[in-house]
A.B. asks: 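Here it is: the structure, laid out below.
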Amino acid sequence: QSCEYAPADGPTLHGRLDRIDSDGGQLAIIDYKTGATPGEAEVLSGEAIQLPFYALLKQGAELPVGEVCYLGLDDKQGVKQGPTLSDEALSELSQAIAARLHTLDEAIRQGAALPAWGDEQQCGYCPMSGICRRQMWQ
């Protein structure tokens, strides 16, 4: 399902949710993963922002989002539930991500530079090396 997050004072961001379940009182968002899944420490610390951002995408829906999780799909390991956020932890991280996005938007509007992270692990997954040209600035 395509959704958007449109804060009053910032840009509209779009996302696509793999699966949304409801128990009639709240929503659960499930993100299918066929490759690497962020670790629980990354998710709980807010560094892996995908799950809390998905909750922001459904902010204002008829039902609140009570849980977001990864569901690994692997030919060898089968189906395996990954890290999950729910209740207060989900709410806190979603609001922290919203504040982080607001801060970044304000910085961009004020002309802040947008340097690449240059983190070896993250750059290893990035398909934009031709644009970033990280190897040129190392």
Side-chain angles (χ1 to χ4, degrees):
Q1 178 182 31
S2 293
C3 300
E4 63 181 38
Y5 170 64
D9 59 348
T12 299
L13 302 173
H14 302 271
R16 181 169 171 78
L17 306 178
D18 290 340
R19 178 174 160 184
I20 304 169
D21 289 348
S22 171
D23 65 3
Q26 62 183 3
L27 301 175
I29 299 172
I30 300 163
D31 185 61
Y32 297 119
K33 289 292 184 196
T34 57
T37 301
E40 189 168 351
E42 291 173 289
V43 171
L44 294 176
S45 71
E47 284 306 306
I49 68 167
Q50 187 176 15
L51 294 179
F53 179 71
Y54 282 173
L56 285 177
L57 288 172
K58 291 303 286 180
Q59 196 171 39
E62 289 182 31
L63 296 174
V65 176
E67 181 177 273
V68 290
C69 71
Y70 291 118
L71 189 63
L73 307 174
D74 185 277
D75 289 338
K76 295 176 184 172
Q77 295 182 2
V79 177
K80 183 178 177 185
Q81 184 168 343
T84 300
L85 287 172
S86 60
D87 305 320
E88 192 170 322
L90 174 58
S91 178
E92 288 176 8
L93 282 174
S94 292
Q95 294 314 306
I97 296 302
R100 190 171 171 186
L101 288 170
H102 175 75
T103 300
L104 290 171
D105 180 54
E106 285 297 313
I108 291 167
R109 289 175 192 257
Q110 294 175 14
L114 299 173
W117 281 29
D119 175 83
E120 199 64 46
Q121 182 180 6
Q122 297 305 316
C123 289
Y125 294 106
C126 181
M128 301 296 166
S129 63
I131 294 170
C132 168
R133 298 171 27 159
R134 177 177 186 259
Q135 56 275 30
M136 300 297 284
W137 47 264
Q138 283 185 325

A.B. asks: So, taking the atom named NE2 in H102 and the one named CG in D9, what distance separates them when rounded to the nearest 0.5 Å?
C.D. replies: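 Those atoms lie 5.0 Å apart.
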A.B. asks: For a 4.5 angstrom cut-off between non-hydrogen side-chain atoms, does V79 reach L73?
C.D. replies: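 Heavy-atom side-chain distance check passes, below 4.5 Å.
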A.B. asks: Under the side chain to side chain contact (heavy atoms under 4.5 Å, CB included) test, which residues partner T12, sequence neighbours left out?
C.D. replies: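 Only E4, A6, H14 meet the side chain to side chain contact (heavy atoms under 4.5 Å, CB included) criterion with T12.
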A.B. asks: Do the non-hydrogen side-chain atoms of T37 and P83 ever get within less than 4.5 Å of each other?
C.D. replies: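 A side-chain contact exists here, since the closest heavy-atom pair is under 4.5 Å.
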A.B. asks: Is a side-chain donor or acceptor of D18 paired with a backbone partner of Y32 at a separation under 3.5 angstrom?
C.D. replies: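 Here the side-chain-to-backbone pair exists.
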A.B. asks: Which heavy atom in D31 sits nearest to a heavy atom in K33, and how many Å separate them?
C.D. replies: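 Heavy-atom minimum between the residues: OD2-CE, 3.1 Å.
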A.B. asks: State plainly whether one hydrophobic cluster holds both F53 and L104, where clusters connect Ile, Leu, Val, Met, Phe, Trp and Tyr through side-chain heavy atoms under 4.5 angstrom apart.
C.D. replies: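 Unlinked, F53 and L104 end up in two clusters.
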A.B. asks: Can you give me every donor-acceptor pair (side chain of residues 85-97, partner residue at least two apart or in another chain, under 3.5 Å) with its distance?
C.D. replies:
{"residue": "S94", "atom": "OG", "partner": "P52", "partner atom": "O", "Å": "3.1"}
{"residue": "S94", "atom": "OG", "partner": "L90", "partner atom": "O", "Å": "3.0"}

A.B. asks: Determine the minimum heavy-atom distance between L27 and I20, stating which atoms define it.
C.D. replies: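 It is CD2-CG2, 4.0 Å.
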A.B. asks: For E42 and S45, work out which heavy atoms get closest and say how close.
C.D. replies: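 Nearest heavy atoms, E42 then S45: O-OG, 3.2 Å.
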A.B. asks: Between L44 and L51, is there a shared hydrophobic cluster once you connect ILVMFWY residues whose side-chain heavy atoms come closer than 4.5 Å?
C.D. replies: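 Yes, it is one cluster - the side chains of L44 and L51 are joined through contacts under 4.5 Å.
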A.B. asks: Would you be so kind as to tabulate the donor-acceptor pairs closer than 3.5 Å made by side chains of residues 56-72, with sequence neighbours excluded?
C.D. replies:
{"residue": "Y70", "atom": "OH", "partner": "Q50", "partner atom": "OE1", "Å": "3.2"}

